Peer 1: 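Structure provided below as structure tokens; questions to follow.
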Number of protein chains: 2
Amino acid sequence: MSDALGSDQSPPALLIRKLASTAQLSDRDRGAIGMLPFAVLTFPGRTSIVHEGDAPKQCCLILDGWAYRCRTLANGQRQIFAFYVPGDMPDIESLHLHVMDQGLVAIAQTTVAFVAHKDMRALIQSNTNVAMALWRDTLIDATRCRERVISLGRRQAVGRMAHLFCEMYVRLRTVALADDLRYLLPLTQAELADALGLSSVHANRSLQELRKMGLVTLHRRELIIQDWSGLATTAEFDPSYLHLI
Amino acid sequence: MSDALGSDQSPPALLIRKLASTAQLSDRDRGAIGMLPFAVLTFPGRTSIVHEGDAPKQCCLILDGWAYRCRTLANGQRQIFAFYVPGDMPDIESLHLHVMDQGLVAIAQTTVAFVAHKDMRALIQSNTNVAMALWRDTLIDATRCRERVISLGRRQAVGRMAHLFCEMYVRLRTVALADDLRYLLPLTQAELADALGLSSVHANRSLQELRKMGLVTLHRRELIIQDWSGLATTAEFDPSYLHLI
DNA sequence: CGAGGTTTTGACTCCACTCAATAGACGTGG
DNA sequence: CCACGTCTATTGAGTGGAGTCAAAACCTCG
């Protein structure tokens, strides 16, 4: 994985840039975030960052790599709810909801910065504006979740996949991890299937369909969008739900 | 529709009870909420409370009736994301995200109390604890959305429907609108279908299947759960995601 | 009683699933 | 550098869940 969000790679700097991409931050806000103590840890691919059922005492910020949130059902089927990329804080909600009802898993090798809940709480107590920005961020996460509901409920396989490809492109571009209509997509087809509510066989066939339509290629984890407007059309993709400034 | 949440039916009292059902509120918090100016309005069934694309200047609190959030796709298909019942504030997010990317529709006749954004903002600025409770509430809403993702992605029709019936029972019970394993479900089968990502024909057949299994009956808008544990089992329902205290 | 919405049924189609086998990629160690 | 095991991707054949279309039965209410 390459650098995200430009030059300063310190966790606070990344978080500041991320929040500033969807909300206004004052200098005082930036200063307060800059004081947050982070602990950086690296997880190998396919390992659990937070387990289903855990009650974490810290929040995490993805610095490098990808992670996903998922749950496994009784029959062994898995559903992936969301993907998280550098700049995202997948589990701010653990500040308010004490038991995680889903796990957080690193996809490729993933570097994560942890902040203790007590430090986050101190920050948001003393700094309403930052609290609002974080709240807003969780609301955007919910918006993406709703978009997934539409996909699963009302789009068929090819459209769902196209939609995911569009969303990840736009999101990765805001953290400088995609440009020129291409990005690293560190997922297996089985993981894609688990996110899209498909079997892996059908995920494979849908991907082939997108290739055949001349919209994308995916080879060795590199996704290349050959026809953005075609892809966006088959996905019925409208990026406004991402609420980027 | 009958009374929700006990005796005092004023909007602030309802909101206080609702927030207190998932978070701790001090007397100061309760006092501050009590001062909120609400404007009460009643909507006939099947009318829009907030339109897709609106930028509301107020939040709403359901006092009586049901509402749902939905979006219509280009081909005319509809997806319902969530149902809201008395005590719920479906669009607190409009405080942070200024354009609604989905509409809010009254199902049966529904009474709603509106609070201006500026009053809500004043409340949460001066009262961190209330802000946290509201934030928490939006996170629980997101949790329900994720549960819907699992349903749509990994459960089949009968299980999805069973899951919705379980969820609504538990939620309505916390506002005293369900007990004795029965409640008013003011939805047509077409609306049920739009929530579950099904065609209305298949929604009908799934409902018949639940009847045939002896789990529920639904007649004249009254849902009767005949076998709770059977229903919860076919739904794989685990209420912890609702984060009720 | 009639009109309009809602629920139910039937027949047919098709999208997506399962099972199973093959092919390709990748990494490790001999 | 090749052999091997292990993932991952691909293909085929058969099945089944859910969709579509259309008509009939049923409320409900003016």
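Residue numbering restarts at 1 for every chain, and letters A, B, ... go by the order of the sequence lines. Keep in mind that the numbers below use all heavy atoms, side chains included, and drop hydrogens, waters and symmetry copies. Only a predicted model underlies this, so the values are computations on that prediction, with no experimental measurement involved.
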Peer 1: Centroid separation under 6.0 Å, is that true for the rings of A/Tyr241 and A/His163?
Peer 2: yes

Peer 1: Hey, is the side chain of B/Arg46 pairing donor to acceptor with the base of C/dG5 inside 3.5 Å?
Peer 2: no

Peer 1: Between A/Trp228 and A/Phe237, how do the two ring planes meet: parallel, tilted or perpendicular, split at 30° and 60°?
Peer 2: perpendicular

Peer 1: Which part of the nucleic acid, if any, lies within contact of B/Arg220, taking any heavy atom under 4.0 Å across all strands shown: a base, the sugar-phosphate backbone alone, or nothing?
Peer 2: sugar-phosphate

Peer 1: Please compare B/Leu218 and A/Leu198 by the position of their nearest nucleotide in DNA chain C and report the one closer to 5'.
Peer 2: B/Leu218

Peer 1: Testing the basics here: between A/Met100 and A/Ser94, what is the closest heavy-atom pair and its distance to 0.1 Å?
Peer 2: SD-CB, 4.2 Å

Peer 1: How do A/His219 and A/Ser200 order along DNA chain C: which one's closest nucleotide is nearer the 5' end?
Peer 2: A/Ser200

Peer 1: With a non-hydrogen cut-off below 4.0 angstrom, is A/Arg154 in contact with a base, only sugar-phosphate, or nothing?
Peer 2: nothing

Peer 1: In this structure, how many angstroms lie between the C1' atom of C/dC17 and the CG atom of A/Leu196, rounded?
Peer 2: 15 Å

Peer 1: OP1, OP2 of D/dT11 versus side-chain N and O of A/Gln208: anything below 4.0 Å?
Peer 2: yes

Peer 1: Select base, sugar-phosphate, or nothing to describe what B/Arg155 touches, counting heavy atoms under 4.0 Å on all strands.
Peer 2: nothing

Peer 1: Using a heavy-atom cut-off of 4.0 Å across all strands, would you classify A/Thr188 as base, sugar-phosphate, or nothing?
Peer 2: sugar-phosphate

Peer 1: Does a salt bridge link B/Glu236 with B/Arg155, judged by any charged N lying under 4.0 Å from a carboxylate O?
Peer 2: no

Peer 1: Answer with base, sugar-phosphate or nothing: what part of the nucleic acid does A/Arg221 contact at a heavy-atom distance below 4.0 Å?
Peer 2: sugar-phosphate

Peer 1: Return the 5'-most residue of the pair A/Gln189, B/Gln77 with respect to DNA chain D, ranking by each residue's nearest nucleotide.
Peer 2: A/Gln189

